[in-house]
There are 2 protein chains.
Amino acid sequence: METSGAGAEELVAGLRSEHLRVTAARRAICAVLAEAHQEHLTAVAIHERAVARAGISIDPSTVYRTIEVLQRLGLLHHVHLGLGPGIVHLADDADHHHLVCERCGRTEDLPPGDVRAALAELAERYRFAPDSLHVSVIGVCAACAAAR
Amino acid sequence: METSGAGAEELVAGLRSEHLRVTAARRAICAVLAEAHQEHLTAVAIHERAVARAGISIDPSTVYRTIEVLQRLGLLHHVHLGLGPGIVHLADDADHHHLVCERCGRTEDLPPGDVRAALAELAERYRFAPDSLHVSVIGVCAACAAAR
DNA sequence: GTCAATGCAAACTTTTTGCAACTCC
DNA sequence: GGAGTTGCAAAAAGTTTGCATTGAC
């Protein structure tokens, strides 16, 4: 049922390739990320699922540290959409965009495609009023890319 | 030197039109917002400037409450770009987009225009690598619009 | 055995809330 | 005068950090 996108194995392999250690906590976190790769998981959600799944206790700080490591390896992204906690998803997710409600925080995925056309049709197609087209593109700036 | 966009008077008028009260704190906050309408101000920055400007003491919670009111009136937007504190800007800012660095949080404005073309050229023009085109469009969803 | 990773606890930042006092209309 | 606002204090939510211990390789 879990299909496209990186599997947990690829995330683990990423860790190994950097001579980082593969612990039970990291394995559980990678599994959760791999299964949920189209979802918008918060660190708290990852924590809950990882604990439930692995049947071991994992500290929240471990989740944050693992997210940080995986982000540094370029395997996932950690961004904030609208208000509320930051969310995480795998780097190799299909490109997609989000509609984020400023009021309730609800998010909806936009299929990839012609961004401009999608924006032009937003109001009608999704009955979503983009009060101002405030679009954030998350990536890595030149300075940070150079500092690697 | 401050030109386009809503002036403080328009924000104040917005409050009045809803029979909300215009207090010294709100006047100061509106003035700060009007002056800085192209900047990405955090609530803390607004607080500091408003206090400095008005020479009165304003509680941070008042700033948050005022931001909330102005957002409810549709006069400004409050979003989170990347990590860190949320930022605020006036609703009638010229449409613009942001490049947000996932690592350092630095943001750069993209001029309005053809979003699609801009995305395609990002890497070269801004030496910015959009690892995944993670675009968030902030607006109001149908459910919230109906619930007004 | 070594060094990375973890757990725990504490701190921190940003934001929200309860409530009595205040003040704008 | 009365409803909307404020300040203050406390709490909540999300995240980060220090440090001794544990565990992967």
Side-chain angles (χ1 to χ4, degrees), chain A residues 11-30 32 40-51 54-73 75-88 102-105, chain B residues 11-30 40-51 54-73 76-88 102-105:
Chain A
L11 296 173
V12 169
L15 291 170
R16 284 226 159 83
S17 74
E18 293 284 322
H19 308 296
L20 298 170
R21 292 178 186 164
V22 178
T23 65
R26 286 184 173 178
R27 227 185 282 270
I29 292 167
C30 288
V32 168
H40 300 154
L41 292 179
T42 64
V44 172
I46 292 169
H47 178 239
E48 287 169 355
R49 294 193 191 183
V51 167
I56 59 178
S57 86
I58 300 174
D59 195 75
S61 65
T62 298
V63 175
Y64 287 105
R65 285 191 269 227
T66 300
I67 289 171
E68 192 194 342
V69 167
L70 292 174
Q71 180 173 249
R72 198 163 53 232
L73 295 181
L75 297 173
L76 60 76
H77 297 289
H78 181 195
V79 297
H80 282 248
L81 304 178
L83 304 167
I87 62 97
V88 148
E102 237 174 14
R103 297 201 192 139
C104 66
Chain B
L11 295 173
V12 169
L15 291 170
R16 286 225 158 84
S17 73
E18 293 284 321
H19 308 295
L20 298 170
R21 294 187 182 156
V22 178
T23 64
R26 286 185 173 176
R27 228 185 282 269
I29 291 167
C30 288
H40 300 155
L41 292 179
T42 64
V44 171
I46 292 169
H47 178 240
E48 286 169 356
R49 293 193 193 183
V51 167
I56 59 178
S57 87
I58 300 173
D59 195 75
S61 65
T62 297
V63 175
Y64 287 104
R65 285 191 270 227
T66 300
I67 289 171
E68 191 194 342
V69 167
L70 293 174
Q71 179 173 252
R72 199 162 53 230
L73 296 181
L76 60 74
H77 297 289
H78 181 197
V79 296
H80 282 247
L81 304 178
L83 304 169
I87 63 97
V88 147
E102 235 173 16
R103 298 202 190 136
C104 66

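Residue numbering restarts at 1 for every chain, and letters A, B, ... go by the order of the sequence lines. Just so you know, these numbers use all the heavy atoms, side chains as well, and skip hydrogens, waters and symmetry mates.
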Engineer: Can you tell me how far C1' of D:dT22 sits from CG of A:Asp59, to the nearest Å?
Structural biologist: 14 Å
Engineer: Measure the spacing between NE2 of A:His47 and CD1 of A:Ile67 and express it to the nearest 0.5 Å.
Structural biologist: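 Nearest 0.5 Å value for the NE2-CD1 distance: 11.0 Å.
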Engineer: What's the CD-P distance between A:Glu18 and C:dA5, to the nearest Å?
Structural biologist: 11 Å
Engineer: Give the nucleotide from the list C:dT14, D:dC8, C:dA9 with an atom nearest to the side chain of B:Tyr64.
Structural biologist: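 Side chain of B:Tyr64 sits closest to C:dT14.
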Engineer: With a 4.0 Å cut-off on heavy atoms, is B:Ser61 in touch with a base, just the backbone sugar-phosphate, or nothing at all?
Structural biologist: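 Base contact.
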Engineer: Starting at CG of A:Leu15 and ending at C1' of C:dT6, how long is that distance when rounded to a whole Å?
Structural biologist: 15 Å
Engineer: Where each residue is assigned the nucleotide of DNA chain D containing its nearest heavy atom, which of B:Ile56 and B:His19 is assigned the position nearer the 5′ end?
Structural biologist: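 Taking each residue's closest nucleotide, the earlier one in sequence belongs to B:His19.
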Engineer: Given atom CD of B:Glu68 and atom C1' of C:dT15, what is their separation to the nearest angstrom?
Structural biologist: 11 Å
Engineer: When the distance from CG of A:Leu41 to P of D:dG14 is rounded to whole Å, what number comes out?
Structural biologist: 14 Å
Engineer: Sequence neighbours excluded and cut-off under 3.5 Å, please list the side-chain donor-acceptor pairs for residues 18-25 of chain A, or say none.
Structural biologist:
residue, atom, partner, partner atom, Å
A:Thr23, OG1, A:Arg26, N, 3.2

Engineer: Identify all pairs in which a protein N or O lies below 3.5 Å from an N or O of nucleotides 20-24 of chain C, and state each distance.
Structural biologist:
residue, atom, partner, partner atom, Å
C:dC24, O2, B:Arg21, NE, 3.4
C:dC24, O2, B:Arg21, NH1, 3.2

Engineer: Take atom CZ of A:Arg72 and atom C1' of C:dA4, then tell me their distance rounded to the nearest Å.
Structural biologist: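 Rounded to the whole Å, the gap is 12 Å.
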Engineer: For B:Ile46 and B:Ile29, run side-chain contact (heavy atoms from CB on, under 4.5 Å): C-alpha distance rounded to whole Å, both residues' side-chain angles, the deciding distance at 0.1 Å, then the answer.
Structural biologist: CA-CA 7 Å; B:Ile46 292 169; B:Ile29 291 167; 4.0 Å; yes
Engineer: Which pairs count as side chain to side chain donor-acceptor pair (under 3.5 Å) when at least one residue sits in residues 54-64 of chain B, sequence neighbours excluded?
Structural biologist: B:Asp59-B:Ser61, B:Ser61-B:Arg65
Engineer: Would you say the side chain of B:Arg65 and the base of D:dG4 hold a donor-acceptor pair, judged only by whether the two atoms sit under 3.5 Å apart?
Structural biologist: no
Engineer: Partners of B:Ala28 by side-chain contact (heavy atoms from CB on, under 4.5 Å), sequence neighbours excluded?
Structural biologist: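 For B:Ala28, the residues satisfying side-chain contact (heavy atoms from CB on, under 4.5 Å) (neighbours in sequence not counted) are B:Ala50, B:Ala54, B:Ile58.
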Engineer: Under the salt bridge (charged side-chain N to carboxylate O under 4.0 Å, His left out) test, which residues partner A:Glu48, sequence neighbours left out?
Structural biologist: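 Listed in chain order: nothing, the list is empty.
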Engineer: From the set D:dT5, D:dG7, C:dC8, return the single nucleotide nearest to any side-chain atom of B:Arg26.
Structural biologist: D:dT5
Engineer: Search all heavy atoms of A:Cys30 against all heavy atoms of A:Leu70 and return the closest pair with its distance.
Structural biologist: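 Scanning both residues, the minimum pair turns out to be SG-CD1, 4.4 Å.
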Engineer: Distance check needed: D:dT6 C1' versus B:Leu20 CG, whole Å only.
Structural biologist: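 These atoms are roughly 15 Å apart.
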Engineer: Under the side chain to side chain donor-acceptor pair (under 3.5 Å) test, which residues partner B:Arg27, sequence neighbours left out?
Structural biologist: none
Engineer: Through what angle, rounded to 10 degrees, does the axis of the helix from C:dG1-D:dC25 to C:dC25-D:dG1 turn between its ends, using five pairs per end?
Structural biologist: 40°
Engineer: Are A:Leu15 and A:Val69 close enough, and set up right, to give a side-chain contact (heavy atoms from CB on, under 4.5 Å), and what steps lead you there?
Structural biologist: CA-CA 9 Å; A:Leu15 291 170; A:Val69 167; 3.8 Å; yes
Engineer: Rounding to a whole Å, what distance do you find between A:Glu48:CD and D:dG14:C1'?
Structural biologist: 13 Å
